[in-house]
Number of protein chains: 2
Amino acid sequence: MVESIASPLDAVFHALGDPTRRRMLRDLAGGERSVTELAEPAAMSLAAASKHIKVLEAAGLIRREVRWRTHVCRLAPEPLAAAHDWLGFYERFWTERLDILDRLLREETKKDDHPAPPQPQGEKSDD
Amino acid sequence: MVESIASPLDAVFHALGDPTRRRMLRDLAGGERSVTELAEPAAMSLAAASKHIKVLEAAGLIRREVRWRTHVCRLAPEPLAAAHDWLGFYERFWTERLDILDRLLREETKKDDHPAPPQPQGEKSDD
DNA sequence: GATTGATTCAACCATGTGGCTGAATGTGCC
DNA sequence: GGCACATTCAGCCACATGGTTGAATCAATC
């Protein structure tokens with residue numbers, strides 16, 4: 001009860017830690033899906049899939065709309081943005097490494113006695 | 001046995017799902033840390049902290065160098081970059097929403113015929 | 001060889017997770 | 001009312017996780 005001060009990132013990263021749930025998110029990236037449609041490729045009981053969906057829902061990663069008999073789920077990307085931001089804090093660490101590599105390459109190039117090509121450097125990795 | 005084809009993202013996201021481990025990564029962003037140093041703010045036994053560190057290590061998020069008696073850990077950002085990239089796939093979904101919001105605000109503005117007040121919108125909780 | 005110090009190992013325990021099956025729920029249609 | 005359908009609920013089980021404590025390891029120093 002006092003534990004409920006847990007960060008929302010706990011739930012988000014935990015939800016993302018399961019391949020079935022990540023696959024469901026990918027599916028939802030293609031548009032709305034019913035529970036049955038999400039469960040179908042998962043080779044597991046509907047009840048098990050339903051649990052996964054509830055985990056995603058609890059993490060705020062999907063929203064559910066009950067249309068007649070079927071529950072239609074759609075992506076709720078905000079928590080993904082939060083997780084993305086959290087990871088972004090560390091971006092400098094991997095770009096730093098690339099910078100070091102880049103510098104090494106430049107020195108190689110300089111040794112070869114011709115100018116280094118212009119390097120765009122703020123480029124987000126982007127896919 | 002056949003299950004060992006699990007994605008490395010499983011381990012990475014699972015490792016990130018625990019606040020203690022995320023705090024450790026933050027600490028490591030400040031430079032190398034010994035196991036004791038990483039354990040110290042955690043209010044738990046050294047053995048428990050050691051387990052967390054092994055989880056991070058198994059996910060490839062930290063590297064360990066044994067210097068005399070102390071094990072010195074440092075950040076290994078590559079898996080974070082992979083996770084960041086994975087999340088980046090969904091970036092269009094949250095930017096899309098912002099675009100829609102932006103369009104709505106513009107239309108509001110046009111209707112009101114005076115500029116919309118600046119909206120503070122992204123209060124990050126941080127973690 | 002014994003000591004110190006940092007860390008891990010080995011039980012052990014409580015709780016959480018992920019799967020199953022079978023029953024229950026809710027909601028239109030016949 | 002009863003049926004069909006989509007989904008969840010309630011148990012149950014195996015195993016993973018996260019914590020504990022106490023013993024073990026390993027390397028330099030006294």
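Naming: A, B, ... by sequence-line order, numbering from 1 per chain.
- Distance A/Asp10 CG to C/dT17 C1': 16 Å, rounded to the nearest Å.
- The backbone N or O of A/Leu25 sits nowhere less than 3.5 Å from a side-chain atom of A/Arg33 that would complete a donor-acceptor pair.
- For the pair B/Met44 CE and D/dG19 P, the interatomic distance rounds to 4 Å; values are reported in whole Å.
- Within the 4.0 Å cut-off from OP1 or OP2 of C/dC9, not a single side-chain nitrogen or oxygen of B/Lys51 is found.
- What separates CZ of A/Arg22 from P of C/dG18 is a distance of 12 Å, to the nearest Å.
- Among the atoms of the strands shown, none is found under 4.0 Å from any heavy atom of B/Arg67.
- Nearest approach of A/Phe93 to B/Pro77, heavy atoms of both residues: CB-CB, 3.7 Å.
- Here the side chain of A/Lys54 is nearest to one of D/dA27, D/dC9, C/dG18, namely D/dC9.
- Tracing side-chain contacts under 4.5 Å through hydrophobic residues (I, L, V, M, F, W, Y), one reaches A/Met24 starting from B/Trp94; they form part of the same cluster.
- Between A/Ser45 and C/dC20, a side-chain N or O to OP1/OP2 separation shorter than 4.0 Å is present.
- Within 4.0 Å (heavy atoms only), B/Thr20 reaches no atom of the nucleic acid at all.
- For A/Val35, taking side-chain heavy atoms from C-beta onward, the closest of the listed nucleotides C/dG18, D/dT8, C/dG19 is D/dT8.
- Rounded to whole angstrom, the span from the CD atom of A/Glu65 across to the P atom of C/dG26 amounts to 20 Å.
- Positionally, the nearest nucleotide of DNA chain C for A/His14 lies more toward the 5' end than for the other of A/His14 and A/Ala49.
- Separating the CD atom of B/Glu40 from the P atom of C/dA6 is a distance of 13 Å, rounded to the nearest angstrom.
- Protein atom CG of B/Leu46 is 17 Å distant from nucleotide atom P of D/dG18, rounded to whole Å.
- Taking atom CG of residue B/Leu16 and atom P of nucleotide D/dT17, one finds them 15 Å apart after rounding to whole Å.
- The phosphate of D/dT29 has neither OP1 nor OP2 within less than 4.0 Å of any side-chain N or O from B/Arg69.
- Contact check, A/His71 against D/dT8: a side-chain N or O comes under 4.0 Å of OP1 or OP2.
- Residue contacts shown for B/Ala48 include a base, since a base heavy atom lies under 4.0 Å away.
- Within the cation-pi definition used here (under 6.0 Å to the ring centroid, within 45° of the axis), A/Arg22 does not qualify as a partner of B/Phe13.
- The existence of a salt bridge linking A/Glu57 and A/Lys51 is excluded, since no basic side-chain nitrogen approaches an acidic carboxylate oxygen closer than 4.0 Å.
- Nearest-nucleotide positions on DNA chain D for A/Thr70 and A/Ala47 put A/Thr70 closer to the 5' end.
- Per the geometry, CG belonging to B/Leu38 stands 14 Å off P belonging to C/dA6, to the nearest Å.
- If you check D/dT8, D/dC9, D/dG19 against the side chain of A/Arg64, the one that comes closest is D/dT8.
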